[in-house]
Amino acid sequence: YKELFNGIPFYDLPMVYIKATKNNTLVQAIDPKTRGVIMYTSCRLEGFKNARKKTNIAGQTTGVAAGQRLVRRGIRTVRVQVKGIG
């Protein structure tokens with residue numbers, strides 16, 4: 001657990017939680033030290049409404065947007081936990 005990833009210890013990496021349900025996809029990044037939310041997005045926040053939130057394209061777009069938001073904040077290496085379908 002002392003292993004370095006891009007010069008950052010494993011436990012100091014931000015945690016990204018992805019919750020994929022059949023109706024929506026939620027992505028949330030949490031700072032490991034303060035347990036505060038760094039970034040949050042969902043299919044709805046990316047502009048998909050109603051039945052279009054359920055599509056694969058909506059989930060993929062949400063994941064790409066979440067990655068871009070993290071890179072803009074200077075975060076390039078994260079830990080990921082995926083729950084749900086897909």
Side-chain angles (χ1 to χ4, degrees):
Y1 293 108
K2 300 267 183 186
E3 189 173 349
L4 296 178
F5 294 88
N6 289 341
I8 304 169
F10 181 76
Y11 278 112
D12 290 341
L13 291 173
M15 191 74 184
V16 174
Y17 295 96
I18 301 172
K19 183 178 177 187
T21 66
K22 66 180 186 174
N23 293 324
N24 205 352
T25 302
L26 308 170
V27 181
Q28 181 176 346
I30 296 180
D31 183 35
K33 295 176 185 169
T34 63
R35 294 287 184 200
V37 176
I38 299 171
M39 180 272 320
Y40 171 82
T41 190
S42 69
C43 291
R44 178 68 176 104
L45 291 177
E46 298 303 322
F48 293 94
K49 295 181 183 176
N50 303 328
R52 291 194 305 151
K53 288 193 307 185
K54 302 176 184 181
T55 63
N56 296 336
I57 294 170
Q60 181 178 353
T61 303
T62 302
V64 169
Q68 289 174 346
R69 286 183 184 185
L70 288 171
V71 168
R72 271 188 265 142
R73 291 178 182 247
I75 299 170
R76 296 190 172 275
T77 308
V78 296
R79 295 185 285 165
V80 179
Q81 180 177 348
V82 181
K83 284 187 181 181
I85 59 176

- line: Sorted by chain and number, sequence neighbours left out, side chain to side chain donor-acceptor pair (under 3.5 Å) with Thr21 holds for none
- prompt: Residues two or more places apart in sequence or in another chain: which of them pass side chain to side chain donor-acceptor pair (under 3.5 Å) with Asp12?
  reply: none
Quick one: side chains of residues 35-45, donor-acceptor pairs under 3.5 Å with protein atoms, not counting sequence neighbours, listed by atom name and distance.
unit_1	atom_1	unit_2	atom_2	d
Thr41	OG1	Glu46	OE2	2.6
Ser42	OG	Arg44	N	3.4
Ser42	OG	Leu45	N	3.4

query: Can you list every salt bridge (Lys or Arg N to Asp or Glu O under 4.0 Å) pair that touches residues 16-34, not counting sequence neighbours?
result: none
- line: Rounded to the nearest 0.5 Å, the CZ atom of Phe48 sits from the OG1 atom of Thr61 at a distance of 4.0 Å
field: Connected-component partners of Ile57 among ILVMFWY, side-chain separation under 4.5 Å
entry: none
- request: Indicate if Ile75 and Ile18 have the same hydrophobic cluster label, given that clusters are the connected sets of ILVMFWY residues with side-chain heavy-atom separations under 4.5 angstrom.
  value: yes
query: Between Tyr11 and Pro32, which heavy-atom pair has the shortest distance, and what is it?
result: O-CB, 3.4 Å
message: Hydrophobic clusters here meaning ILVMFWY residues chained together by side-chain heavy-atom distances under 4.5 Å, can you tell me if Val16 and Val82 are in one?
response: yes
field: Of all pairs that satisfy side-chain hydrogen bond (donor to acceptor under 3.5 Å, both in side chains), the ones with a partner from residues 48-59, not counting sequence neighbours
entry: none
query: Apart from Tyr17 itself, what residues make up its hydrophobic cluster, given side-chain heavy atom links below 4.5 Å?
result: Met15, Ile30
